Protein chains: 2
Amino acid sequence: MQNILFDFISKYISLTEEEWNAIVSLDLFRSVKKGTILLKEGQKSKDSYFILKGCIRTYYLLDSEEKTTAFYTEMEALTPPCVISKTPSEYYISCVEDCILTVSNSDMEVEVNSKFPKFDIMCRILSEELLAKQRIDFDEFKTSSPEQRYLNLIQKRPDLIQRVPQHQLASYLGIKPQSLSRLRARILEKDRS
Amino acid sequence: MQNILFDFISKYISLTEEEWNAIVSLDLFRSVKKGTILLKEGQKSKDSYFILKGCIRTYYLLDSEEKTTAFYTEMEALTPPCVISKTPSEYYISCVEDCILTVSNSDMEVEVNSKFPKFDIMCRILSEELLAKQRIDFDEFKTSSPEQRYLNLIQKRPDLIQRVPQHQLASYLGIKPQSLSRLRARILEKDRS
DNA sequence: TCCTCTCGTTCACTTAAGTTAAGAAATGCA
DNA sequence: TGCATTTCTTAACTTAAGTGAACGAGAGGA
């Protein structure tokens, strides 16, 4: 399992034995059960996550309805906005499946980064990349209809459609579960003809 | 004008005289006229922008229609995704008003950052902040209706409604110009009663 | 095993956005 | 100033999403 993390980091920087040992010694790996809530609305937290196996989702509770806004799967990293802004969280994070994660808190990162400035550079590159990627996702969302978004999702993240309940996908696509159900029926109808 | 940039950088790191001189000597400041296109679809570019005065927008040309996805105003920075991915740009950047900008290219940044590692840290913090902010914007967009988005915009960026043509605001809100016009009429109607 | 709760689907109805078109208002330019 | 172009608004009609409700299938717990 560790080598997944190693491969991920290696995409950004090359690691010496010493640096890698420093990471391993932090004992970041955690196994968590499906349904576990990692972060609740109103909580303060300094934890960032990296998914080695499984799937987690972020959602807001608005009018006692869950609004899912993002899914994170294998080889993806998540630093919740509340960690950056140092304010109570506006959303929940929960495990869609049994997961193996690394959990690192920002104090640890400050310490490691001051010892190995290389990690600072990795974090910079990683956030710049994520920022650009998220910008493109946002732009695609804005410029397309729910149906196009769904078709786009089938192309880009087909696994999500299998592993995630449909009502969670719906709010991820910005619509209601009933609308997603109808939209899917509409697409099947078109395919038949 | 320079002190705007100085104040911005000072929010993230403290600058020595030498560091500040290094930045000034790069001669980054540019004046550009309203309507100027800074980046075109298909172009490769290494330029990042910081707005000292004015407003720029990013837009896609889809089915020969402009789809505006973002506006950047005073004290905001933009590194286009194509600079990060090193691929041709998918969108256009154009000036909504006469602007005063800094234009820096990524080669220069690499050079400055290697001379002053402090800048690397600033870039990391800045991208982490922007990533978190953009995540929240995206989430708000997903979880609200066009009308809520418009009301939200009035609260958060009232200046945009004054300085930007409505048909550009419309696609920024994810709808057609006619729908924005109707939606505004609907809100006025409600206010009256 | 039975019961309950969740999830997905369907339906009828409402509401709002997309579309097409026309005209008024504002803007820019000669 | 006058003309052309762009921008905004309005309207009628179409299409799709929101809403409320009902139903069946399936999962999980007692």
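As the structure is a prediction and not an experimental result, all values here were calculated from the model. Convention: sequence-line order gives letters A, B, ...; per-chain numbering from 1.
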From the options D:dA17, C:dG18, D:dC8, select the nucleotide whose nearest atom is closest to the side chain of A:Ile175.
->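 Of the options given, the side chain of A:Ile175 lies nearest D:dA17.
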A:Arg186, nearest nucleotide to its side chain (from D:dA16, D:dC8, C:dG28) |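 So the nucleotide nearest the side chain must be D:dA16.
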Sugar-phosphate only, base, or nothing, as touched by A:Pro146 at under 4.0 Å among non-hydrogen atoms |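 Sugar-phosphate: the residue A:Pro146, judged by heavy atoms under 4.0 Å, touches backbone atoms but no base.
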How about B:Met1 and B:Lys53: do any of their side-chain heavy atoms sit closer than 4.5 Å?
->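 Yes, close enough: below the 4.5 Å cut-off.
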Test item: A:Ile125 and A:Ile13 side chains (from C-beta on) under 4.5 Å apart, heavy atoms |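 Of all side-chain heavy-atom pairs linking A:Ile13 with A:Ile125, none is under 4.5 Å.
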Between [N] atom [atom2] and [X] atom [atom1], what is the distance in whole Å?
X        : N      : atom1 : atom2 : result
A:Lys176 : C:dT9  : NZ    : P     : 17 Å
B:Gln166 : C:dA26 : CD    : P     : 13 Å
A:Lys142 : C:dA17 : NZ    : C1'   : 18 Å
A:Leu180 : D:dG18 : CG    : P     : 10 Å
B:Glu65  : D:dT7  : CD    : C1'   : 14 Å
A:Tyr150 : C:dG8  : OH    : P     : 11 Å
B:His167 : D:dT10 : NE2   : C1'   : 18 Å
A:Gln178 : D:dC23 : CD    : P     : 16 Å

Checking A:Arg184 against A:Tyr150: charged group under 6.0 Å from the ring centre and within 45 degrees of the axis?
->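 Relative to the ring axis of A:Tyr150, which defines the angle, A:Arg184 lies outside at least one limit.
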Hey, is the side chain of A:Arg182 pairing donor to acceptor with the base of D:dG18 inside 3.5 Å?
->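 By the distance-only test, yes, there is a pair.
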State plainly whether one hydrophobic cluster holds both B:Val110 and B:Phe119, where clusters connect Ile, Leu, Val, Met, Phe, Trp and Tyr through side-chain heavy atoms under 4.5 angstrom apart.
->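 Shared cluster, no.
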How are the rings of [X] and [Y] set to each other: parallel, tilted or perpendicular (split at 30° and 60°)?
X       : Y       : value
A:Tyr59 : A:Tyr92 : parallel
B:Trp20 : B:Phe6  : perpendicular
B:Tyr91 : B:Tyr60 : perpendicular

Five pairs at each end of the helix from C:dT1-D:dA30 to C:dA30-D:dT1: take the axis at both ends and give me the angle between them to 10°.
->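 It works out to 50° between the end axes.
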Under-4.0 Å side-chain N/O to phosphate OP1/OP2 contact, B:Ser179 with C:dA17 =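 Answer no for this pair, as no side-chain N or O of B:Ser179 is under 4.0 Å from OP1 or OP2.
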